[in-house]
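The next block holds one structure in the form of structure tokens; read it before the comments.
Residue numbers start from 1 in every chain, and the chains themselves are labelled A, B, ... in the order their sequence lines are given, proteins ahead of strands. All values below were derived from every heavy atom in this structure, side-chain atoms included, with hydrogens, water molecules and symmetry-related copies excluded.
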4 protein chains.
Amino acid sequence: MNRQASPARPRGRPRDPRTRAAILKAARELLARGGLTAVTVDGIADRAGVSRPTVYRYWPNAPSVAMEAFLDSAVGALPPAGRGGALADLRARLHAVADAFAAPGGRSVAAMVAAAQSETELAKAFRNHFIARNRDAAREILARAVREGALGGEGDPELLLDLLFGPLFYRLLMGHAPIDRGFVDRLIAALRRVAPAAG
Amino acid sequence: MNRQASPARPRGRPRDPRTRAAILKAARELLARGGLTAVTVDGIADRAGVSRPTVYRYWPNAPSVAMEAFLDSAVGALPPAGRGGALADLRARLHAVADAFAAPGGRSVAAMVAAAQSETELAKAFRNHFIARNRDAAREILARAVREGALGGEGDPELLLDLLFGPLFYRLLMGHAPIDRGFVDRLIAALRRVAPAAG
Amino acid sequence: MNRQASPARPRGRPRDPRTRAAILKAARELLARGGLTAVTVDGIADRAGVSRPTVYRYWPNAPSVAMEAFLDSAVGALPPAGRGGALADLRARLHAVADAFAAPGGRSVAAMVAAAQSETELAKAFRNHFIARNRDAAREILARAVREGALGGEGDPELLLDLLFGPLFYRLLMGHAPIDRGFVDRLIAALRRVAPAAG
Amino acid sequence: MNRQASPARPRGRPRDPRTRAAILKAARELLARGGLTAVTVDGIADRAGVSRPTVYRYWPNAPSVAMEAFLDSAVGALPPAGRGGALADLRARLHAVADAFAAPGGRSVAAMVAAAQSETELAKAFRNHFIARNRDAAREILARAVREGALGGEGDPELLLDLLFGPLFYRLLMGHAPIDRGFVDRLIAALRRVAPAAG
DNA sequence: CGGTAAACGAGACGGTACGTCGTGTCTTTGA
DNA sequence: TCAAAGACACGACGTACCGTCTCGTTTACCG
């Protein structure tokens with residue numbers, strides 16, 4: 001029936017997928033050394049063997065490329081927790097977050113939070129891809145903990161998420177105190193007091 | 001013996017105090033409109049009727065000026081809480097913080113957190129003047145609350161501070177949820193469960 | 001053997017004649033406003049509703065299109081003189097040239113002279129179509145004047161042509177003095193002294 | 001009396017005279033090879049060991065630098081004629097012009113005429129420095145010729161100048177015929193018929 | 001009171017990056 | 001084969017800030 005299934009068949013010469021990949025790779029490398037300020041369109045283009053206008057064809061400015069590179073990277077995509085008791089899973093997941101924050105890559109996360117302050121598009125991307133993913137995963141584990149009876153269910157789950165992630169980001173960004181697994185354990189202990197198992 | 005106790009008596013023409021003030025004023029204005037990226041040494045110098053080298057004579061770079069301007073400003077120096085029950089004081093103080101964060105000036109706070117990511121000096125200044133002040137005030141109130149018997153005393157006070165301020169900054173920076181007084185109240189309710197009054 | 005006698009029967013889809021016309025029309029319009037620098041392949045393609053490669057299929061670069069557009073236009077193709085005495089015809093024709101040079105379109109002529117400096121092909125086209133035509137017409141009139149006894153015949157006709165057109169173009173290009181009919185009349189008067197009628 | 005004779009004492013750091021010289025030198029070299037299109041701000045800056053903004057601090061764009069470089073160069077500043085009979089001087093001077101036009105440097109002159117078509121400032125500079133100088137010198141010689149009785153004095157001197165220079169530039173720009181000393185001689189012969197010595 | 005030293009305005013300067021425009025070529029799809 | 005659309009490398013554009021510097025001028029203090 002429908003002669004043309006694909007909803008938006010592109011006209012003209014298709015984009016070379018290697019171009020995009022090369023740009024992101026270059027941005028990732030520049031982000032690793034030098035941090036966000038090292039991610040310039042000039043530098044990306046040089047490193048990727050691509051012309052400057054080509055970079056602009058894909059992204060509106062350097063931080064946008066950096067953000068996407070970050071989100072693609074290992075730091076951006078935190079690994080999912082394994083399978084165990086819900087609270088054990090939660091602990092494992094937050095340990096992973098804490099480890100990532102404490103590692104050099106944590107500076108990238110902080111840089112991205114910083115970058116997301118100036119541009120709406122960046123903020124949205126960061127929120128949707130990085131923040132939301134972490135919260136979604138944790139939210140699901142919390143729900144499981146309630147079903148398992150390890151946590152009480154009457155509290156607002158969003159508040160609980162803020163109580164977990166807030167302090168972690170707070171320490172990451174302010175640097176007033178270290179981010180280690182003991183800190184995570186104390187956060188979870190506090191959480192259990194806020195939402196104690198019924199009975 | 002030593003006729004001159006003051007350790008570094010300045011020689012030559014003394015600095016005109018108006019210069020410094022004019023620079024900070026200009027920086028504050030630029031910060032208000034345009035945010036941090038609008039605070040350039042060029043712009044400051046123009047606006048303050050001062051030459052560029054003069055700005056550099058006082059501060060090493062533009063963000064430093066911005067930071068000092070911010071810390072001098074009303075947003076940077078949050079008002080002290082009044083006198084009442086300790087928990088009431090805490091609530092009042094955090095309400096003030098939440099109000100400031102929710103107001104347009106909150107963007108300046110976020111910008112400063114962002115700026116503090118790239119430079120150690122800025123980070124230190126921000127931590128010492130803005131973060132530390134808020135924590136000190138809140139820490140004192142918490143101690144008072146323990147003395148008054150409104151909160152239990154066995155928990156780590158630093159963790160409690162992180163549980164209060166962490167979520168506030170987290171929402172400020174991520175923007176995933178509003179910062180209002182209800183949110184503050186729920187934070188304090190959670191705090192009372194984490195550190196319940198003994199007996 | 002040879003199934004096809006006609007020397008170059010085109011294969012495949014024939015060129016749409018409207019394409020070529022649309023391109024020239026667009027170039028003419030761009031030339032009118034903005035002058036030669038406004039005639040870009042990008043602009044032409046946009047305006048003509050044609051893709052850039054299509055433009056390049058017809059002409060090697062933007063100035064070539066501009067040149068052809070110019071030569072097609074009214075300014076490029078100066079109207080022929082009427083029929084009267086040879087000297088009257090000459091005067092009429094040069095008046096037309098002077099009028100064209102003094103009008104806004106004269107800038108186009110100057111632009112074409114300028115453009116013809118950088119590229120041989122353009123120079124040739126301009127010389128063959130614009131310069132040569134004008135000289136041919138004038139040369140013919142001069143010959144008639146000699147036959148009519150209005151001018152002497154011993155001088156080099158090419159020199160006479162240079163003495164007529166040289167000053168006109170000189171003023172057009174340098175702009176140091178106006179180009180009006182009085183100037184033309186004085187040129188012709190000078191010409192009559194250079195090649196006085198015999199006897 | 002006048003405490004301050006120098007009319008406009010410059011404030012701020014004075015310009016390093018070597019900077020300006022280096023830029024002009026670079027432009028001259030680029031103009032020699034490659035012609036006008038080779039004179040880019042990028043190229044000048046590279047070659048002069050100067051930053052791009054510095055070039056823009058002195059001139060508004062590349063052609064302006066090229067024009068000034070041209071006017072400074074040997075081609076731009078044609079040598080003055082010697083001392084002899086006025087007509088001999090005129091012949092000598094025009095021979096020099098013809099030689100310069102016929103030499104490779106003549107292309108530079110043509111390029112400058114072309115460049116002067118698009119920008120008013122360039123046109124003015126070219127007219128005032130190159131065209132006017134040549135005309136002034138020739139005008140003076142013509143006046144001397146009249147005083148000497150070699151030419152008649154009743155004609156418009158400006159027309160005579162146009163009759164001399166017009167054909168020279170015309171041939172330079174159109175390239176329809178060579179520019180040699182014989183051509184100059186025939187121009188001067190024509191001139192003597194246009195303005196014959198009285199009696 | 002006159003010398004000295006610093007503050008200060010002005011602006012030059014090299015440098016890096018920006019975002020844009022135009023060029024000419026190439027690749028793909030479709031007529 | 002033509003044509004439309006668009007990707008792409010290249011090169012140049014003109015601008016914005018940066019941080020440093022070199023001047024000349026002004027203003028305080030101090031011997």
Could you check how far [atom1] of [X] sits from [atom2] of [N], rounded to whole Å?
X	N	atom1	atom2	value
A:Arg15	F:dA9	CZ	C1'	15 Å
C:Leu36	E:dG22	CG	C1'	14 Å
A:Tyr56	E:dG19	OH	C1'	5 Å
D:Arg11	F:dT22	CZ	C1'	14 Å
B:Trp59	F:dT20	CH2	C1'	19 Å
C:Asp42	E:dG22	CG	C1'	6 Å
D:Arg20	E:dG14	CZ	C1'	20 Å

So, is [X] close to the [N] phosphate, meaning a side-chain N or O under 4.0 Å from OP1 or OP2?
X	N	result
A:Thr54	F:dA9	yes
B:Thr19	E:dC8	yes
B:Ser51	E:dA10	no

Nearest to the [X] side chain among [options], which nucleotide is it?
X	options	result
B:Pro53	E:dA10, F:dG6, F:dC13	E:dA10
C:Asn61	F:dC18, F:dC13, E:dG24	E:dG24
C:Val50	F:dA4, E:dC18, E:dG24	F:dA4
B:Pro14	E:dC13, F:dA28, F:dA7	F:dA28

Give B:Gly49 one of three labels, base, sugar-phosphate or nothing, depending on what nucleic acid heavy atoms sit under 4.0 Å from its own. sugar-phosphate

Donor-acceptor pair under 3.5 Å: do we get one between D:Arg52's side chain and the base of F:dG14? yes

So does B:Arg13 reach the base of E:dA7 with its side chain, donor to acceptor, closer than 3.5 Å? yes

